[in-house]
Amino acid sequence: MSPAHYGPVGGETKVVGVFGHPVAHTLSPPMHNRAFAELGLDWIYLAFPVRPEDLADALRGAAAMGLAGVNLTIPHKVEGARLMDRLSPEAERIGAVNTVAFTPEGLVGHNTDGAGFVRSLREEAGFDPKGAKVLLLGAGGAARAIAVQLLLEGADSLLIVNRTAERAEALARSLNEWAPALVAARGLAELGADDVAERELIIHATSHGMAPGSEAPPLLEPEWLSPRHLVCDIVYTPRRTGLLRAAEARGCRVLEGLGMLAYQGAVAFELWTGRPAPAALMKQVLERHLERRGG
Ligand code: NAP
């Protein structure tokens, strides 16, 4: 491990961190601490192993001790939403919280995963989702966060495709409650060439293709892809997934998942500090740490 980049911890150091279980693998502390150092902020980010049954106590304790905020990761995102005093509009629609701000008005829950994805889409691929026709593979927590943000940003329509069709249908129903008729759903087995041809933005948001399963063939037939597609994979281990390699070979533009990870952190950083985050630097820190891990 490299030496700490931040300055000495003092009486005025502001504390933020992440609650997870397990949490030892998290890349968030080096990413945020490097960003604090870059901006000369007297802040520190720590990882706290919090068991599911202790989440409410941990949040109350952190608020009582004057922490500025915390991230919530697996398995706390959904239960965390129930423990907030207030939810941001996107966290309410997603039903999960990954960023908590401790404010004088109480615990405010945000979800920066979807916003992180869209910021990566805009800043790294130059793609504005407003008016876009989207194919979204997956119906888990990450897919839900991305779907909500794309609809909030004015996407034209979403087709959600999932291995378990019922899960895709349930997600589409809940999204259509506030974005009527914009969302359709289908099981993976029913996905066809026309579904892909009709849409310009393809987002893979399942855990398929993650190391050590990275040699598995992509969930959709590469022959269905053409140069008009922007293909995004939110899996970031490996960075160049089988789907992205296949899409590149078909002449598509591609977007890796590491940008989403960096930008969800950048949005949280900005919510807590009120300062623009050094997002490119945060991404470099992630890249370095993943390379060291052989990712
Ligand atoms: P989740 O809630 O557990 O959902 C898992 C999703 O993957 C479901 O749609 C599931 O389908 C599908 N799935 C799993 N194995 C599959 C397989 N072999 N074939 C087809 N579909 C499969 O997980 P999540 O939190 O949404 O995370 C999904 C992935 O996104 C993970 O790899 C995670 O690392 C990544 N992620 C990346 C970022 C980032 O910042 N880049 C952020 C969050 C998550 P069923 O419903 O049929 O089980």
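Order of listing sets the numbers, starting from 1, for every ligand and every atom in it. Side chains included, hydrogens not; waters and symmetry mates left out as well; all remaining heavy atoms used.
Residues in residues 188-210 take part in these salt bridge (charged side-chain N to carboxylate O under 4.0 Å, His left out) pairs, two or more places apart or across chains: R186-D195.
Closest heavy-atom contact between F102 and A63: CD2-CB, 3.6 Å. Of all the heavy atoms in Q264 and L261, the pair that sits closest is NE2-O, 2.9 Å.
Residues M210 make up the rest of the hydrophobic cluster containing V235, defined by ILVMFWY side-chain heavy atoms closer than 4.5 Å, directly or through other members.
The aromatic ring centres of H110 and W272 sit 6.0 Å or more apart.
Listed by chain and residue number, nothing satisfies the salt bridge (charged side-chain N to carboxylate O under 4.0 Å, His left out) test with R163 (two or more places apart in sequence, or in another chain).
A distance limit of 4.0 angstrom between heavy atoms and ligand 1 selects the residues G138, A139, G140, G141, A142, N162, R163, T164, R167, A205, T206, S207, H208, M210, L219, I234, V235, Y236, G257, M260, L261.
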